[in-house]
Enquirer: 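Sharing a structure with you now.
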Amino acid sequence: MIQPIRRLALDRRTVLKGSGACLALPLLDAMQPGLAAPARPVRTVFVFAPNGKKMDDWTPASTGSAYEAPFLLEPVQRHRRDVLVLSGLALDGARSHGDGPGDHARSAASFLTCAHPRKTGGSDIHVGVSVDQVLAARDRGRYPFASLELGMEPGRSSGSCDSGYSCAYSNNISWRAPDMPVAKEVDPRAVFERLFGAIDARRDREREARDRRRRRSLLDFVREDAAALRRQLGAEDRAKLDQYLTSVREVEERIARAEAQREGDPAVDPPEGLSGQKVAYREGVDLMYRLIVLALQAEKTRVVSFMLGNAGSNRSYRWIDVPDGHHQISHHGGDAAKLAMIRRINRWHLERFAGFLDALAEADDGGAPLLAHAGVVYGSAIGDGNRHNHHDLPALLAGGAGGQVSGGRHLAFAKNTPMANLYLRMLGWMGCGDERFGDSTAALDLVG
Amino acid sequence: MHSRSCALLWLTAAAASFVVEPPAQEPTVEAILGEGYQESIEPLLQDWCSACHDTAGQKGGFAFESWAERSDRHRLLVELASVRDRLRAGDMPPPGADPMPGDERERLAAWAAEAVARWAPRVPVPPGRTTLRRLSRSEIERTLHDLFGIASPLVEQLPADDLGYGFDNIGDAVSFSPLRLEKLERLARDVATRVVHPRPDEPQRARVDGADLEIGARYGRASGGAARLFSNGPAGLRLDVTRGGSFLVRARLSGDMAGDDLPTAELRVDGANVARFEVKAGSGDPEIVEASVKLDAGDRLIELWFVNDYYRPDGVGKAKGDRNLHVHAVEISGPSEPWRPPEGARWLHDLDPGEGVEDREGPLVDELAQRAWRRPPSAAERQRLSALAAAIATQEGTFWAGIQGAVEAVLLSPHFVFRVEEAAGRHRRPLSGFELATRLSYLVWGSMPDLDLRAAASRGDLGTVEGLRGQLDRMLEDDSKVDGFVRHFAGQWLELRSLDDLRPDPERFAVDRALLAAMGEESRRLVAHVIARDLPVRELLRAERSFVNRDLARHYGWDWPGGEGDGFVPVAVPAARRVGILAHGSVLSVTSNPTRTSPVKRGKWILDNLLGAGPPPPPPGSDSFENEQAVAAAPATLREQLALHRGHAECAACHQRMDAFGLALERFDAVGRVRGESVDTSSQLPDGRSLTGAIDLRDVLLEGRGFERAVLRRLFVFAIGREPEPADEVSIEAMAAALPAEPTFSQMLREVVALDAFRFRGEEQPR
């Protein structure tokens, strides 16, 4: 039902600007319009869960294919063949390294970058490029959205986020450059409209074309404004303005693509529950997962990051009898009642995730389930919320990645194996980043 | 954290102060330390401090031994200020060390205090540089209000501004992304359609044949040129209403009669019933019905619903039959009123020189840019805007469509989105009048400059401290605009905005959104009151009055003094609650967990916001919570848990004071009510004094000038847009020294706007 994406010819300048670790085959392929599309692309999704897990209910006692699923992993057992349980992974970047408290901010900042964030309240934010953005760099100009960044919480409205760390670290897992987090969208309806156009609006091709023309003239105008302004600014200001310029170019490219794709998108119906006003967290998580499936299936993008909560989220989950704040009780101090609540939150999140896998398995992607072409990472950057440890992290890899992974096993790696090794392996699937990513030591061996 | 950048800054700063202000009576390090330093002070430091703070240890980054050989006077003064504060707070020498006799402690503290107060104002401070600031969501909201008198719901759709140093307007901490640009595009579009109409005089007219209406397949079908509804359901059309107002809807209807009633149609707009018609005409001879309806601009769904279906194929006599409704055509025309711009956008329309005038766009785009970009546009910019407007006008067929495009372009431009300040080059430079006007208006109003301020800027009045202060005084008079300061500054400083994020457990606390909003309003009203009456800022911690509405009075368990009304009224606060914002539901709630109070959060809130103590440097060798395994076996009560925290040497430095402050507020529950049960509110400060509750806490917070310095520091961050560097800390000390004993907000702001950091832009970093 989905039209194949028509590729835009890219000029060499665009290619060089895109850069990143993925300069290999895919871009060459993009420079030759009309080249036959390869097999279905691998779609990657990274899901971040805040505040760690109750690890004794997570880690299977034995490894290999005969592992017995502990309580928290029960929901995903219906996709057991497509899920790898990965133990022993660590995020060294999230550790303090002499910077003192701030594990939550560091955990989100390092989750996909595998880098150590610079401790600052704002003046010189710096962490690293996240794995999703390395992949996105390759897709820029080839897909309507090089990547999607989604979340459930906008970020706190005032105060400080975590022990002297700028809120940028707690609120974002996707980093396009070491000093440039990518803002996430937290409103499911806005996500749908961004991908597929306004809900309820009458489809009017003529008006769409006129709007695009107008947007192009406006963006053209402001790009010139910014280019002229750039010359009057000091170095730091210029770096900020460059983020604006980059954004203008990217949106311009997207409009150009839409124009080239003359027949337009097929209409996509919004998922149920989207038309309401404000979506509650409880329904919102499922909606976001459904939107991710829609986006991937329609090849609007093939890279998604999703934060179930911001780092240190103190949300309460009343519908599963957790009136206390998640962060508050994650410092359980061994208290049985708190541990029971943590367990319920963890389980609820895993049930939602299993629902996501259901949808991926049901979605058709060129004759096979979309799940077969997906590589989905689900994890936390803190192990036990009480200890704030960044090793023995909870991590799952779901999906067949186009036949490059086979699930159904629990793989336990040596303690402190960098999470970056997993990402390096994933980059390898896409033919990029074959040397290093973050603090990687070698691509993770998933054959076992 | 900033030692690297500081060293660099110091080098460049030294060069600049040499060029711009030749050192006249600048104090030397020797002068700052004073004449008796070696005889009377150094021995004290040797005895009490140098075991840890020697050149080898340098705990907390301090090494007193080298003071006499220092060249960095800023750092020296900052360290002296710290000695003053830590000694007076009693947390140095640290717990476990030999206690320092009171007289020696006070002698050392008094010496440091004196040196800082005396010399901070005389050490020149480089202005420093502030990174390009982007308008925050709330600044955009107010700016659009002042620019066009409108509010757009799309402002809230902008991605949240990442906070830095507690504020949303820190250039370094916020970023820009494609998502933000897309949201800005939509916002600009929405604003433009609200303030300019492409065809202000032309009514819209739409006529749709019945057969072309949208009919739900389950209800009927199109045949013979009409929509034929066989069961209850709609036939409708969507109309893109370019201009809201009164519309005439006319429809040609007929019906098949059966049963007792006539076929009935309802006219619905976006699902809401607006008119009802009983149809007498048979299908051979339709009748015309009409109704006048209000339609808002935007995509509207207009439907005719068949609402009384009747179907009795096997009935007897009159009861037998099939009632149906036929819609033959629908015609909509309007609005009957001419389009009028919102009151606040009239100025733009009034500038139109009229058709046929050459460069008709010119005067409009010129004023548009002046206001939105907060400075006059250059000739080239003006020309480009005119050209853009003309091009869009040609494309879309009307002059006003072009102006609409210009409005969008101006709002999307980096000159609107960012608070642009030109680079300084190799020497610092005074900010231009317009740059200063912008700094001033976003500081005091959270919005763009008004006409007066613009005029002052172009006259060059803002080039002097007197000129700036003159405008400041005028601006502070406008209560409705100062509301911007209250919401932006106080809303973030006191974390009132976090009330929006709170969800107290409904099982325990009957607190809804309206009540949380009222709590925020109470605190904002107190701040506004203190500003409007020019009362001392410390009134916020000792006010004898507050402002409540009916809900909030009930929440606090107070008699409602407001009679019949239920708006906010001033009330006298019971004596036990005369601790200002410390007893406000707002502050007590944002520092609590959903189910219970958190003395730690409350203590941290006080340290951060009222004392500006901030997070301390990490204890050496501590790897944060990984050590907490040792604390895993949890003791029963909160108090015991806290005691355990303080037992850990690395936690104690901070937690001792934090916990003492928080525990003193335990009288109040997690949503700010006085607890019924008896509560232990006693606690002990690091210096051994005990607190018995909120009143004691207030008195401790108001000792000395720590509170005022904290407010000044937050004002600095908010006004200048960066974290204070050591040199800036010297400015903050200098301001504190220059102010009277109990300064007001206006007095503080007068100091802030006089700072070089506010008036100048420092030289750029050499490449």
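Residue numbers begin at 1 in each chain, while the letters A, B, ... track the order of the sequences.
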Enquirer: Are side-chain heavy atoms of B:Val417 and A:Val222 found at a separation under 4.5 Å?
Expert: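 No; the side chains remain at least 4.5 Å from each other.
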Enquirer: Against chain A, label B:Val410 side chain, backbone, both or neither, depending on which of its atoms sit under 4.5 Å from a heavy atom there.
Expert: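 When you check distances to chain A, no heavy atom of B:Val410 falls under 4.5 Å.
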Enquirer: Which bit of B:Leu163 is near chain A, if near means a heavy-atom gap under 4.5 Å: side chain, backbone, both or neither?
Expert: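 Both parts, heavy atoms under 4.5 Å.
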Enquirer: Any luck finding a side-chain donor-acceptor pair between B:Ser413 and A:Asp225 under 3.5 Å?
Expert: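 Per modelled atom types, B:Ser413 and A:Asp225 side chains form a pair under 3.5 Å.
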Enquirer: Might you point out which heavy atoms bring A:Arg214 and B:Ala401 nearest each other, and give the distance in Å?
Expert: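 Result for this residue pair: NH2-O, 3.8 Å.
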Enquirer: Okay, side chain of A:Ser158, backbone of B:Ser498: is any donor-acceptor separation there less than 3.5 Å?
Expert: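 Yes.
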Enquirer: Kindly check if the number of other-residue, nucleotide or ligand heavy atoms within 6.0 Å of CZ (A:Arg223) is above 12?
Expert: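 Enclosed.
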Enquirer: Need one label for B:Thr130: side chain, backbone, both or neither, based on atoms under 4.5 Å from any heavy atom in chain A.
Expert: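 The backbone, not the side chain.
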Enquirer: Kindly check if the number of other-residue, nucleotide or ligand heavy atoms within 6.0 Å of CD (B:Glu156) is above 12?
Expert: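 No, the 6.0 Å shell around CD holds no more than 12 heavy atoms from other groups.
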Enquirer: With a 4.5 Å heavy-atom cut-off, do B:Asp505 and A:Ser316 have their side chains touching?
Expert: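 Of all side-chain heavy-atom pairs linking A:Ser316 with B:Asp505, none is under 4.5 Å.
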Enquirer: So does B:Leu132 get a backbone contact from the side chain of A:Asp237, meaning a donor-acceptor N/O pair under 3.5 Å?
Expert: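 Yes; judged by distance alone, with no hydrogens or angles, the pair exists.
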Enquirer: Using non-hydrogen atoms only, which part of B:Arg508 is less than 4.5 Å away from chain A: side chain, backbone, both, or neither?
Expert: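 Only the side chain of B:Arg508 comes within 4.5 Å of chain A.
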Enquirer: For A:Phe221, is there any backbone N or O sitting under 3.5 Å from a side-chain donor or acceptor partner on B:Arg384?
Expert: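 Confirmed, B:Arg384 side chain pairs with A:Phe221 backbone.
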Enquirer: For the residue pair A:Ser157 and B:Arg497, what are the closest heavy atoms and their distance?
Expert: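 Taking every non-hydrogen atom into account, CB-O, 3.4 Å.
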Enquirer: CD of B:Glu408 to OG of A:Ser217: how many Å apart, nearest 0.5 Å?
Expert: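 Reported to 0.5 Å precision, the distance equals 9.5 Å.
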Enquirer: Heavy-atom distance under 4.5 Å to chain B: side chain of A:Ala226, backbone, both or neither?
Expert: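 Both backbone and side chain.
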Enquirer: Look only at the side chain of A:Asp324 and the backbone of B:Asn593, and say whether a donor-acceptor pair between them is shorter than 3.5 Å.
Expert: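 Absent.
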Enquirer: Against chain A, label B:Leu412 side chain, backbone, both or neither, depending on which of its atoms sit under 4.5 Å from a heavy atom there.
Expert: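 Answer is both: backbone and side chain atoms of B:Leu412 are under 4.5 Å from chain A.
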Enquirer: If we only count heavy atoms from C-beta on, is the B:Pro594 to A:Gln328 side-chain gap below 4.5 Å?
Expert: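 In short, these two side chains touch, coming nearer than 4.5 Å.
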Enquirer: Quick check on B:Glu185 against chain A: is it the side chain, the backbone, both or neither that has a heavy atom closer than 4.5 Å?
Expert: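 Only the side chain of B:Glu185 comes within 4.5 Å of chain A.
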Enquirer: Drop me the distance from B:Tyr165's OH to A:Ser166's OG, to the nearest 0.5 angstrom.
Expert: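 If we round to the nearest 0.5 Å, B:Tyr165:OH and A:Ser166:OG are 8.0 Å apart.
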Enquirer: So B:Asp162 and A:Asn172, side chain to side chain contact (heavy atoms under 4.5 Å, CB included) or not? Walk me through it.
Expert: CA-CA 9 Å; B:Asp162 286 331; A:Asn172 301 288; 3.2 Å; yes
Enquirer: Would you mind checking if A:Arg156 and B:Glu495 are paired as a salt bridge, meaning a charged N to carboxylate O distance below 4.0 Å?
Expert: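 Yes, this pair counts.
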Enquirer: How many angstroms lie between NE2 in B:His415 and CG in A:Leu229, if you round to the nearest 0.5 Å?
Expert: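 CG of A:Leu229 is found 5.0 Å from NE2 of B:His415.
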Enquirer: Quick test of your reading of the model: are B:Lys183 and A:Glu185 salt-bridged, counting only N-O distances below 4.0 Å?
Expert: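 A salt bridge is present here (some side-chain N lies under 4.0 Å from a carboxylate O).
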Enquirer: For a side chain to side chain contact (heavy atoms under 4.5 Å, CB included) check, start with the C-alpha distance between B:Leu181 and A:Val248, then their side-chain angles and the critical distance, and finish with the verdict.
Expert: CA-CA 7 Å; B:Leu181 182 71; A:Val248 172; 3.9 Å; yes
Enquirer: Check whether B:Arg503 gets within reach of chain A through its side chain, its backbone, both or neither, counting any heavy atom under 4.5 Å.
Expert: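 Both parts, backbone and side chain.
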Enquirer: Can you say whether B:Arg134 sits under 4.5 Å from chain A via the side chain, the backbone, both, or neither, judging by heavy atoms?
Expert: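 Nothing of B:Arg134, per the 4.5 Å heavy-atom cut-off to chain A.
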Enquirer: Given a strict heavy-atom distance threshold of 4.5 Å, which part of B:Pro506 is in contact with chain A: side chain, backbone, both, or neither?
Expert: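 Contact with chain A is through both the backbone and side chain of B:Pro506.
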Enquirer: Tell me, for B:Glu421 versus chain A, whether the close heavy atoms (under 4.5 Å) come from the side chain, the backbone, both or neither.
Expert: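 When you check distances to chain A, only backbone atoms of B:Glu421 fall under 4.5 Å.
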Enquirer: Is a donor on one side and an acceptor on the other found under 3.5 Å between the side chain of A:Lys240 and the backbone of B:Phe176?
Expert: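 No: the side chain of A:Lys240 does not pair with the backbone of B:Phe176.
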